[in-house]
**Q** 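First the structure, which I've put down as structure tokens, then a few questions once you've had a look.
Computed from a predicted model, the values in this text were never measured in an experiment.
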Amino acid sequence: MEKEELEIGVCENQMTFDFSMLENCEVEEEESSILPEGFVVPKNHDWIDDEVLFVVVKTQGHDNDLCGKTMLEWVKIAGSGCEKLTLADGEDIYAQVRSLNSSKNYIAVFYSDTPLLEKNTFHKIMDYFCKNQMNVLTLPRGYVFKSEFLKNNVCFASGQMTEFENAKRDFICVNNSITFSKVSKYLYDKIRLFHLKNGVIMSGSETIFIDADVEIEAGVNIEANNHIKGQTYIGKGVILEPNNVIKNSIISDNACLCGCYIENSKVTNGKFAVMEKLINQEF
């Protein structure tokens with residue numbers, strides 16, 4: 001990212017880190033793996049990018065914003081590197097998938113209402129599928145198909161249903177306000193942990209909410225009741241005192257903010273602002 005070229009606002013592709021890095025920041029809750037213990041996972045998963053079509057079924061009425069991304073976008077992150085396709089939800093997903101003209105050897109189907117699905121979980125599923133030479137694998141929320149099997153079979157009874165353990169997290173279905181709140185909390189915790197491991201200092205972290213596309217330099221000090229949203233960049237040496245809301249903005253090095261509302265704006269190097277409201281401005 002070339003920060004010096006930015007003026008007011010943040011460019012669409014500002015962010016520099018891969019969200020799959022968040023998978024190394026495990027929040028101490030439930031076990032993430034859905035596969036039996038003792039399963040050996042190969043280190044190289046490049047073959048998955050080349051051989052799998054990653055399909056996401058967009059469920060109706062459940063694509064709310066979660067930490068700055070839609071649920072559909074979160075699921076697509078799990079398939080980063082693969083060719084991806086989005087389908088509308090329908091009664092016969094099998095028929096829709098079978099009609100796809102794909103040259104890939106495998107088709108993995110997931111749903112947009114499971115935003116906690118992770119890339120490493122997807123990789124484990126594909127390892128399991130291929131190791132057991134399956135044609136169809138029914139997941140707690142989704143399927144994996146061998147493309148050759150799809151072409152030669154008009155229908156199937158139930159596939160090969162596999163009961164995985166510890167699927168509570170990766171396949172939580174967000175279909176009501178309770179599950180939405182639970183998933184939102186988990187993602188905010190995970191994003192905070194990522195930044196803490198990167199050297200960001202937080203006081204009262206449970207009241208600090210950081211969206212997925214926010215970039216924060218190491219050593220930034222964030223105090224309680226801060227909301228950092230959208231595609232925002234926080235520079236080195238910045239101090240965010242309590243009660244700031246920052247959206248799609250650049251806070252340059254060594255700035256200090258307290259009680260400010262800043263949207264689509266740039267706070268320049270070393271500025272100190274208290275109770276300011278900046279929209280589409282440079283300060």
**Q** Between Ile262 and Ser265, does the side-chain contact (heavy atoms from CB on, under 4.5 Å) criterion hold? Intermediate values first, please.
**A** CA-CA 6 Å; Ile262 299 173; Ser265 299; 3.8 Å; yes
**Q** Are Asp127 and Lys124 close enough for a salt bridge, meaning some N to O gap below 4.0 Å?
**A** no
**Q** With sequence neighbours excluded, what pairs up with Glu51 under the side-chain hydrogen bond (donor to acceptor under 3.5 Å, both in side chains) test?
**A** Asn105
**Q** Taking the six-membered ring of Phe171, is NZ or CZ of Arg141 closer than 6.0 Å to its centre and within 45° of its axis?
**A** no
**Q** Tell me every residue that passes side-chain hydrogen bond (donor to acceptor under 3.5 Å, both in side chains) with Ser102, counting only those two or more places apart in sequence or in another chain.
**A** none
**Q** Quick check: Tyr94 with Tyr143 (ring centres under 6.0 Å apart)?
**A** no
**Q** Go through the steps to decide whether Lys236 and Asn254 satisfy the test side-chain contact (heavy atoms from CB on, under 4.5 Å), and finish with yes or no.
**A** CA-CA 6 Å; Lys236 296 178 181 179; Asn254 303 311; 5.8 Å; no
**Q** Side chains of Asn120 and His45: any donor to acceptor distance under 3.5 Å?
**A** no
**Q** Main chain of Asn175, side chain of Thr179: is a donor-acceptor contact present, judged purely on distance under 3.5 Å?
**A** yes
**Q** Under the side-chain contact (heavy atoms from CB on, under 4.5 Å) criterion, do Phe122 and Cys82 qualify, and how do the steps go?
**A** CA-CA 11 Å; Phe122 166 54; Cys82 293; 3.8 Å; yes
**Q** Per the salt bridge (Lys or Arg N to Asp or Glu O under 4.0 Å) rule, what does the pair list look like for residues 239-252, sequence neighbours excluded?
**A** none
**Q** Would a hydrophobic clustering, with Ile, Leu, Val, Met, Phe, Trp and Tyr connected at side-chain separations under 4.5 Å, put Val136 with Tyr111?
**A** yes
**Q** Please name all residues satisfying ring-ring contact (aromatic ring centres under 6.0 Å, His included) with Phe129, sequence neighbours left out, ordered by chain then number.
**A** Tyr106
**Q** Go through the structure and list residues passing ring-ring contact (aromatic ring centres under 6.0 Å, His included) with Phe180, not counting sequence neighbours.
**A** none
**Q** According to side-chain contact (heavy atoms from CB on, under 4.5 Å), who are the partners of Leu100, at least two apart in sequence or on a separate chain?
**A** Leu53, Val55, Leu85, Leu87, Val97
**Q** Under the side-chain contact (heavy atoms from CB on, under 4.5 Å) rule, collect the residues that match up with Asp65, sequence neighbours excluded.
**A** none
**Q** Is any side-chain N of the basic residue among Glu263 and Lys277 closer than 4.0 Å to the acidic one's carboxylate O?
**A** no
**Q** Is the shortest side-chain heavy-atom distance between Tyr186 and Leu116 below 4.5 Å?
**A** yes
**Q** Yes or no on side-chain contact (heavy atoms from CB on, under 4.5 Å) for Lys266 and Leu278, after CA distance, side-chain angles and deciding distance?
**A** CA-CA 9 Å; Lys266 180 178 180 180; Leu278 303 176; over 6 Å; no
**Q** Report the residues that fulfil side-chain contact (heavy atoms from CB on, under 4.5 Å) with Asn225, sequence neighbours left out, ordered by chain and then residue number.
**A** Thr207, Asn243
**Q** Residues sharing Ile279's hydrophobic cluster, by side-chain heavy-atom contacts under 4.5 Å among ILVMFWY, directly or via others?
**A** Val245, Tyr261
**Q** Residues in side-chain hydrogen bond (donor to acceptor under 3.5 Å, both in side chains) with Thr268, at least two apart?
**A** none
**Q** Could you check if a side-chain atom of Val57 sits within less than 4.5 angstrom of a side-chain atom of Ser112, using non-hydrogen atoms only?
**A** no
**Q** Would you call Lys58 and Asp89 a salt bridge, using N to O less than 4.0 angstrom?
**A** no
**Q** Apart from Ile201 itself, what residues make up its hydrophobic cluster, given side-chain heavy atom links below 4.5 Å?
**A** none
**Q** Please check if Leu66 and Tyr188 belong to a single hydrophobic cluster, counting links between Ile, Leu, Val, Met, Phe, Trp and Tyr side chain heavy atoms closer than 4.5 Å.
**A** no
**Q** Taking only residues two or more places apart in sequence, or in another chain, which ones meet Lys76 in a side-chain contact (heavy atoms from CB on, under 4.5 Å)?
**A** Val56, Leu72, Lys84, Thr86
**Q** Side chains of Lys119 and Ser80: do they bring a donor and an acceptor to under 3.5 Å?
**A** yes
